[in-house]
> 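Got a structure for you, questions after.
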Amino acid sequence: KNLAYVQYKKFSDILGNIGQNEGGIDKFSRGYESFGVHKCADGGLYCKEWAPGAEGVFLTGDFNGWNPFSYPYKKMDYGKWELYIPPKQNKSLLVPHGSKLKVVITSKSGEILYRISPWAKYVAREGSNVNYDWIHWDPEHPYKFKHSRPKKPKSVRIYESHVGISSHEGKIASYKHFTCNVLPRIKDLGYNCIQLMAIMEHAYYASFGYQITSFFAASSRYGTPEELKELVDTAHSMGIVVLLDVVHSHASKNSEDGLNMFDGTDSCYFHYGPRGTHDLWDSKLFAYSNWEVLRFLLSNIRWWLEEYCFDGFRFDGVTSMLYHHHGIGQSFSGDYNEYFGLQVDEDALIYLMLANHLVHTLYPDSITIAEDVSGMPALCSPISQGGGGFDYRLAMAIPDKWIQLLKEFKDEDWNMGNIVYTLTNRRYLEKCIAYAESHDQALVGDKTLAFWLMDAEMYTNMSVLAPFTPVIDRGIQLHKMIRLITHALGGEGYLNFMGNEFGHPEWLDFPRKGNNESYHYARRQFHLTDDDLLRYKFLNNFDRDMNRLEERCGWLSAPQAFVSEKHEGNKIIAFERAGLLFIFNFHPSKSYTDYRVGTALPGKFKIVLDSDAAEYGGHQRLDHSTDFFSEALEHNGRHYSLLVYIPSRVALILQNVDLPN
């Protein structure tokens with residue numbers, strides 16, 4: 001409690017300072033309205049930069065024939081520089097839409113540096129150029145949003161997406177392609193939230209969007225800013241909220257087309273010296289205590305909310321931000337001494353609180369998710385209680401558990417109690433996003449769950465005309481069971497990486513020198529689910545119906561489940577949540593007739609989801625017309641119980657039909 005108070009006091013002090021010196025966080029977070037390059041009402045141009053280490057600052061570009069020194073900025077207080085260029089006499093545009101610009105910095109050591117403004121709204125790489133160009137983006141007819149933001153969903157079902165790999169073709173897909181071809185699939189699958197990766201501009205495609213070079217620019221490799229706006233707007237028209245995977249944990253080391261060395265020094269936006277470099281990521285680390293860095297990052301948050309109408313953020317690399325050791329070499333046992341002490345980067349933590357405060361003040365329905373592997377306490381508690389202010393955290397131990405089981409244990413040796421513990425091990429009132437696998441598991445060097453389960457047989461035996469081999473049978477059944485138990489027991493939200501819902505074959509690998517710049521693995525083969533002769537459709541159908549049932553019954557927004565059984569010998573897990581009875585038989589060969597399962601509810605039950613159904617590639621061993629009646633016979637801590645036939649490797653959901661919907 002004392003630590004929470006100290007944390008909240010520091011947050012309040014900085015928020016108070018922003019109010020005193022900047023007129024409040026609302027004004028402070030609008031840096032993009034003055035910094036960068038702006039057309040004035042009179043036709044002139046207003047330009048502003050923060051370059052504390054510069055000796056001189058100039059604007060150059062197509063508009064002045066690339067004369068480096070004809071338009072010098074005037075030095076202001078606190079390392080700021082500004083420039084006003086009066087309008088042309090003939091009233092024509094000084095800097096037309098689509099023309100190229102550069103900031104010229106003269107350093108204290110006498111170097112002349114050509115830089116892209118940190119506030120650039122559009123950058124693009126032309127032809128075979130190595131570096132990106134800053135292109136002035138000021139279209140005559142900017143995109144106008146037609147649809148209002150959807151309300152915050154009670155249950156968040158997230159489809160983690162990457163625009164560039166969303167086509168089956170060996171090329172970079174576009175915003176337009178995603179809007180027309182992928183959004184309808186996401187809607188049909190029952191997801192109500194999209195988490196867009198790799199949108200903030202990154203010069204190196206193979207970084208998966210995690211080495212940002214231009215923070216205010218939407219990646220031009222997929223299309224224009226207006227086309228991204230259309231994507232978000234179209235998602236909103238479908239009732240789908242859109243989150244941005246925001247990277248404020250570090251930045252690319254690029255200086256020619258990134259933030260690094262912007263003013264000729266190795267600090268500016270970053271910590272000076274070794275503290276400013278992340279040893280594992282080979283990237284630069286922000287100085288979160290710096291006033292102008294706070295302005296830059298908070299304005300960046302607001303920019304994506306206001307300009308592109310994103311509905312919130314998944315904050316990447318939060319563990320790296322929270323600790324001076326960046327999580328490197330740490331195991332995080334859960335001991336509270338690991339979370340509180342000199343190893344915590346309080347400046348970064350206060351920044352995250354400020355960012356969450358800003359997001360939820362501007363748009364109360366916004367969603368923020370922390371990618372934190374450490375389990376920092378109170379990260380998802382309200383700021384008013386000294387918490388971090390996030391809505392959710394990623395349940396990052398769950399995918400590791402499934403990979404461990406598939407790699408290290410025979411099916412008959414799976415520990416039911418350990419599975420349940422992993423899925424339910426979260427603090428009361430801290431909401432988690434559960435997932436069986438994300439993009440991390442799909443990357444080259446790792447394997448998706450489908451590949452761990454079926455491996456090479458996916459190339460030969462996924463045809464319905466091919467025999468149902470033991471490997472494919474096991475893979476299809478466990479793939480469904482793992483996803484459903486994660487969905488139902490693992491958290492208050494659910495996440496799936498695009499394509500994994502139908503057991504996408506192979507891994508994910510971006511074009512790079514090591515693979516001869518191949519796009520073969522940088523794509524998603526959605527057409528596989530459309531082929532009636534392939535078994536991928538079964539997994540796709542199950543994922544869709546699982547999500548649709550959750551939409552109807554709302555188990556993610558219900559209190560945590562009551563687990564009544566985790567039987568090691570029988571390999572049975574049974575629990576209740578949102579008025580539904582979930583039963584899992586993980587035994588590879590044993591089926592059980594008249595198996596007694598406890599329930600809190602009297603009355604008649606019906607099967608509402610059965611992984612063994614024909615449309616899901618199952619063996620159709622259950623009769624869905626069967627009525628199950630619970631009786632007043634106490635079992636496993638429940639007042640009532642019922643008898644049910646549970647085939648091997650099956651997941652069942654039963655619903656009490658006597659209860660009103």
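If you read the sequence from its start, that first residue is 1, and numbering goes on from there.
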> Looking only at side-chain N and O atoms, does Asn260 offer a donor or acceptor that is under 3.5 Å from a partner on Tyr269?
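Side chains of Tyr269 and Asn260: no pair found under 3.5 Å.
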> Are the ring centres of Tyr122 and Trp137 closer than 6.0 Å?
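That pair passes the under 6.0 Å test.
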> Tell me whether His202 contacts the main-chain N or O of Tyr204 through its side chain, where contact means a donor paired with an acceptor under 3.5 Å.
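No; judged by distance alone, with no hydrogens or angles, the pair does not exist.
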> Are His360 and Asn356 packed together at the side-chain level, in the sense that at least one heavy-atom pair is separated by less than 4.5 angstrom?
yes
> Counting N and O atoms only, with roles assigned by atom type, does the side chain of Arg393 sit under 3.5 Å from a partner on the main chain of Ile433, one being a donor and the other an acceptor?
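Side chain of Arg393 to backbone of Ile433, a donor-acceptor pair under 3.5 Å: no, none is there.
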> Given side chains that start at C-beta, do those of Pro96 and His136 come closer than 4.5 Å, heavy atoms only?
no
> Can you pull out every salt bridge (charged side-chain N to carboxylate O under 4.0 Å, His left out) where at least one residue sits in residues 37-47? Sequence neighbours excluded, please.
Lys39-Asp138
> Considering residues at least two apart in sequence or located in another chain, which fulfil the side chain to side chain contact (heavy atoms under 4.5 Å, CB included) criterion with Lys121?
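Listed in chain order: His38, Trp303.
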> With a 3.5 Å distance limit and no angle check, can you tell me whether Asp133 reaches the backbone of Ile135 through a side-chain donor-acceptor pair?
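Side chain of Asp133 to backbone of Ile135: no pair is present.
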> With distance as the sole test, does Ser207 use its side chain to make a donor-acceptor pair with the main-chain N or O of Tyr205 at under 3.5 Å?
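Such a contact is absent between Ser207 side chain and Tyr205 backbone.
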> Return yes if a side-chain donor-acceptor contact under 3.5 Å exists between Trp291 and Glu22, otherwise no.
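Yes, a side-chain donor-acceptor pair sits under 3.5 Å.
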> Counting N and O atoms only, with roles assigned by atom type, does the side chain of Arg302 sit under 3.5 Å from a partner on the main chain of Leu362, one being a donor and the other an acceptor?
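Absent.
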> Is it true that His439 and Phe208 have ring centroids separated by less than 6.0 Å?
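Yes, close enough.
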> Would you indicate whether Leu342, at its atom CG, is surrounded by more than 12 heavy atoms from other residues, nucleotides or ligands within a distance under 6.0 Å?
no
> I'd like to know whether NZ of Lys108 has more than 12 heavy-atom contacts from other residues, nucleotides or ligands below 6.0 angstrom.
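It does: Lys108 NZ has more than 12 such atoms within range.
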> Show your reasoning for whether side-chain contact (heavy atoms from CB on, under 4.5 Å) applies to Ile186 and Ile194.
CA-CA 8 Å; Ile186 296 170; Ile194 299 168; 3.8 Å; yes
> Under 4.5 Å between any side-chain heavy atoms of Leu113 and Val103, yes or no?
no
> Less than 3.5 Å apart, any donor N or O on the side chain of His326 or Asp279 sitting next to an acceptor on the other?
no
> Between Lys284 and Leu259, is any pair of side-chain heavy atoms under 4.5 Å apart?
no
> Take Lys146 and Glu230, measure what salt bridge (charged side-chain N to carboxylate O under 4.0 Å, His left out) needs, and give me the verdict at the end.
CA-CA 9 Å; Lys146 303 174 186 72; Glu230 183 185 31; over 6 Å; no
> Hey, does Val318 have a side-chain heavy atom less than 4.5 Å from the side chain of Leu379?
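Leu379 vs Val318: side chains touch.
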> Among Phe262, Phe35, Phe216, which residue satisfies the ring-ring contact (aromatic ring centres under 6.0 Å, His included) criterion with Phe296?
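Of Phe262, Phe35, Phe216, ring-ring contact (aromatic ring centres under 6.0 Å, His included) with Phe296 is met by Phe216 alone.
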> Does Lys171 make a cation-pi contact with Tyr519 (under 6.0 Å, within 45 degrees of the axis)?
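No; the conditions do not both hold, so Lys171 does not lie above the ring face of Tyr519.
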> Go through the structure and list residues passing side chain to side chain contact (heavy atoms under 4.5 Å, CB included) with Ser34, not counting sequence neighbours.
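Per chain and number, Ser34 pairs via side chain to side chain contact (heavy atoms under 4.5 Å, CB included) with Tyr46, Lys48.
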> If you define the side chain from C-beta out and look only at heavy atoms, does anything of Tyr339 sit under 4.5 Å from Val344?
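They are not in side-chain contact.
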> For residues Glu55 and Ser107, determine if any side-chain heavy atom of one lies less than 4.5 Å from a side-chain heavy atom of the other.
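They are not in contact (no side-chain heavy atoms under 4.5 Å apart), so the answer is no.
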> Please enumerate all residues that pass side-chain hydrogen bond (donor to acceptor under 3.5 Å, both in side chains) together with Asn515, with sequence neighbours excluded.
Asp509
> Any donor-acceptor pair under 3.5 Å linking the side-chain atoms of Tyr132 with those of Ser214?
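Short answer, no.
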> Would you check if the side chain of Arg295 reaches a backbone N or O of Gly31 as a donor-acceptor pair within less than 3.5 Å?
no
> Hey, are Tyr363 and Glu306 close enough side-chain-wise for a donor-acceptor pair under 3.5 Å?
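There is such a pair between these side chains.
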> Going by the rule side chain to side chain contact (heavy atoms under 4.5 Å, CB included), which residues pair with Pro86 if we only count those two or more places apart in sequence or in a different chain?
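Counting only residues at least two positions away or on another chain, Pro86 forms a side chain to side chain contact (heavy atoms under 4.5 Å, CB included) with Tyr84.
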> Between Ser518 and Pro511, is there a donor-acceptor pair closer than 3.5 Å when you use the side chain of the first and the backbone of the second?
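Not confirmed, Ser518 side chain does not pair with Pro511 backbone.
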> Checking the side chain of Ser29 only, and the main-chain atoms of Ile25 only, is there a donor and an acceptor separated by less than 3.5 Å?
yes
> Applying the ring-ring contact (aromatic ring centres under 6.0 Å, His included) criterion to His162, which one of Phe510, Phe497, Tyr210 satisfies it?
Phe510
> Classify the side-chain pair Asn254/Thr213 by whether it contains a donor and acceptor separated by less than 3.5 Å.
no
> Under 3.5 Å, is there a donor-acceptor pair between the side chain of His357 and the main chain of Met353?
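Such a contact is absent between His357 side chain and Met353 backbone.
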> Please list all pairs passing the salt bridge (charged side-chain N to carboxylate O under 4.0 Å, His left out) test where one or both residues lie in residues 357-371, with sequence neighbours left out.
Arg314-Glu371
> Go through the structure and list residues passing side chain to side chain contact (heavy atoms under 4.5 Å, CB included) with Lys229, not counting sequence neighbours.
Tyr143, Phe145, Glu226, Glu307, Tyr308
> Verify the ring-centre separation between Tyr71 and Phe58: is it less than 6.0 angstrom?
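No; Tyr71 has its ring centre 6.0 Å or more from that of Phe58.
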> Look at the rings of Phe310 and Trp304 and say which category their plane angle falls in: under 30° parallel, 30 to 60° tilted, over 60° perpendicular.
perpendicular
> Verify the distance criterion only: is there a donor paired with an acceptor across the side chains of Ser237 and Asp233 at less than 3.5 Å?
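Judged by distance alone, the side chains do not pair up.
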> Rounded to the nearest 0.5 Å, what's the gap from CD1 on Ile367 to CZ on Phe313? Could you check?
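Rounded to the nearest 0.5 Å, the CD1-CZ separation comes out at 12.0 Å.
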> Classify the angle between the aromatic ring planes of Tyr323 and His325 as parallel (below 30°), tilted (30 to 60°) or perpendicular (above 60°).
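Parallel: the ring planes of Tyr323 and His325 meet at under 30°.
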> Run Leu352 and Phe390 through side-chain contact (heavy atoms from CB on, under 4.5 Å) and show every step you take.
CA-CA 9 Å; Leu352 290 170; Phe390 285 96; 4.0 Å; yes
> Closest approach of Ile105 and Ala51, non-hydrogen atoms and distance?
CD1-CB, 4.2 Å
> Is there a donor in the side chain of Asp311 and an acceptor in the side chain of His236, or the other way round, less than 3.5 Å apart?
yes
> Would you confirm whether Gln211, through its side chain, and Trp281, through its main-chain N or O, come within 3.5 Å as a donor-acceptor pair?
yes
> List the residues meeting side-chain hydrogen bond (donor to acceptor under 3.5 Å, both in side chains) with Asp13, not counting sequence neighbours, and say none if there are none.
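Expected list: Lys9.
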> Tell me every residue that passes side-chain hydrogen bond (donor to acceptor under 3.5 Å, both in side chains) with Asp345, counting only those two or more places apart in sequence or in another chain.
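Applying side-chain hydrogen bond (donor to acceptor under 3.5 Å, both in side chains) to Asp345 gives none.
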> Not counting sequence neighbours, list each pair that qualifies as a salt bridge (charged side-chain N to carboxylate O under 4.0 Å, His left out) and has a residue in residues 58-87.
Lys80-Glu292
> Which label fits His248 and Phe215: parallel for a plane angle under 30°, tilted from 30 to 60°, or perpendicular past 60°?
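Rings of His248 and Phe215: tilted, 30 to 60°.
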> Does Glu33 have any side-chain hydrogen bond (donor to acceptor under 3.5 Å, both in side chains) partners at least two apart in sequence or in another chain, and if so, which?
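Counting only residues at least two positions away or on another chain, Glu33 forms a side-chain hydrogen bond (donor to acceptor under 3.5 Å, both in side chains) with Arg30.
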> Suppose we screen for ring-ring contact (aromatic ring centres under 6.0 Å, His included). Which residues come up paired with Tyr175, at least two apart in sequence or across chains?
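Tyr222.
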> Quiz question: by atom type and distance under 3.5 Å, do the side chains of Ser117 and Glu49 form a donor-acceptor pair?
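Side-chain D/A pair, Ser117 to Glu49: present.
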